[in-house]
Amino acid sequence: MTYPEGDPLERLHRLWPQLLLGLSRSSRRAEAIAAYREMSVIIGAELGFDPQPAKPLIATSTAELRAATEAEFIELLRTIQVRSGLTLPEIHRRAGRRLPRSQVYSLLKRGKLPTKPEQVRAFVTICGMPEPQVARVMELWATLREQTELAVRGPEDEKPFAILIVRSA
């Protein structure tokens, strides 16, 4: 049988992550989990595989996305990772080449601000943060990175200068 809008199971598989994301964003997490379980059973039975959501459901309010120091930023990354429900090896597996295994671990373990913005972005995206919150985390990173660079370089007016002395004959 031909369907004008395509195969119903394929449509379900495409639309299901959007439903889950919408429910989780509107603070209806219990409903999102119930919908996930129901769709997993349907898709698993009909298509013969266990579907993975496009992104894990992560409940982090934008108000929680704060960090005034490097240590607070690292703690924020840890909180994001824990709430995602993903282990560090799972994050590495999902990241592929974008985020080397050693970098996944050092983002949370070394206690220093990450140096590469693309790796921070990949990390929080893989953890399931929606784009507006990813942008907020990147703003925090940029602000802290700028503060760190200023602390290392010092203020602009303290740059060394040279005096040229010209002797006339």
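- Checked against side chain to side chain contact (heavy atoms under 4.5 Å, CB included), Leu19 has the following partners two or more places apart in sequence or in another chain: Leu23, Ala35.
- Residues passing the side chain to side chain contact (heavy atoms under 4.5 Å, CB included) test with Glu118 are Lys116, sequence neighbours excluded.
- Looking at Val134 and Glu131, their side chains come closer than 4.5 Å, going by heavy atoms from C-beta outward.
- Here Arg136 pairs with Leu65, Glu139, Leu140 under the side chain to side chain contact (heavy atoms under 4.5 Å, CB included) rule; sequence neighbours left out.
- Note that the CD atom of Glu64 and the CD atom of Gln133 stand 8.5 Å from one another [nearest 0.5 Å].
- Looking at Trp141, its side chain does come within 3.5 Å of a backbone N or O of Pro114 through a donor-acceptor pair.
- In this structure, Leu77 and Phe123 approach most closely via the heavy-atom pair O-CE2, 3.7 Å.
- One hydrophobic cluster holds both Leu88 and Val124 under the rule that ILVMFWY side chains link at heavy-atom gaps under 4.5 Å.
- A heavy-atom distance below 4.5 Å is found between the side chains of Val120 and Phe73.
- Partners of Thr87 under the side-chain hydrogen bond (donor to acceptor under 3.5 Å, both in side chains) rule, at least two apart in sequence or in another chain, are Glu90.
- Not counting sequence neighbours, Arg93 has no partner by the salt bridge (Lys or Arg N to Asp or Glu O under 4.0 Å) test.
- Side-chain contact between Gln119 and Pro100 is present, with at least one heavy-atom pair separated by less than 4.5 Å.
- Note that OG1 of Thr79 is 11.0 Å distant from CD of Glu72, once rounded to the nearest 0.5 Å.
- In this structure, CZ on Arg98 lies 4.5 Å from CD1 on Ile126, to the nearest 0.5 angstrom.
- Note that the CG atom of Leu86 and the SG atom of Cys127 stand 6.0 Å from one another [nearest 0.5 Å].
- A distance of 10.0 Å separates CD of Gln103 from CG of Leu108, quoted to the nearest 0.5 Å.
- Proximity of a side-chain donor or acceptor of Thr125 to a complementary backbone N or O of Ala122 within less than 3.5 Å is not detected.
- Both Tyr105 and Ile80 sit in one connected hydrophobic cluster of ILVMFWY residues. Membership requires side-chain heavy atoms under 4.5 Å apart, directly or through other members.
- Take Glu70 and apply the side-chain hydrogen bond (donor to acceptor under 3.5 Å, both in side chains) test, not counting sequence neighbours, and it matches Thr148.
- Gln147 contributes atom CD, which lies 9.5 Å from atom CG of Leu113 (distance to the nearest 0.5 angstrom).
- Remark: Thr115 engages Arg145 in a side chain to side chain contact (heavy atoms under 4.5 Å, CB included) (not counting sequence neighbours).
- Applying the side-chain hydrogen bond (donor to acceptor under 3.5 Å, both in side chains) rule to Glu75 yields the partners Arg78; only residues at least two apart in sequence or on another chain are considered.
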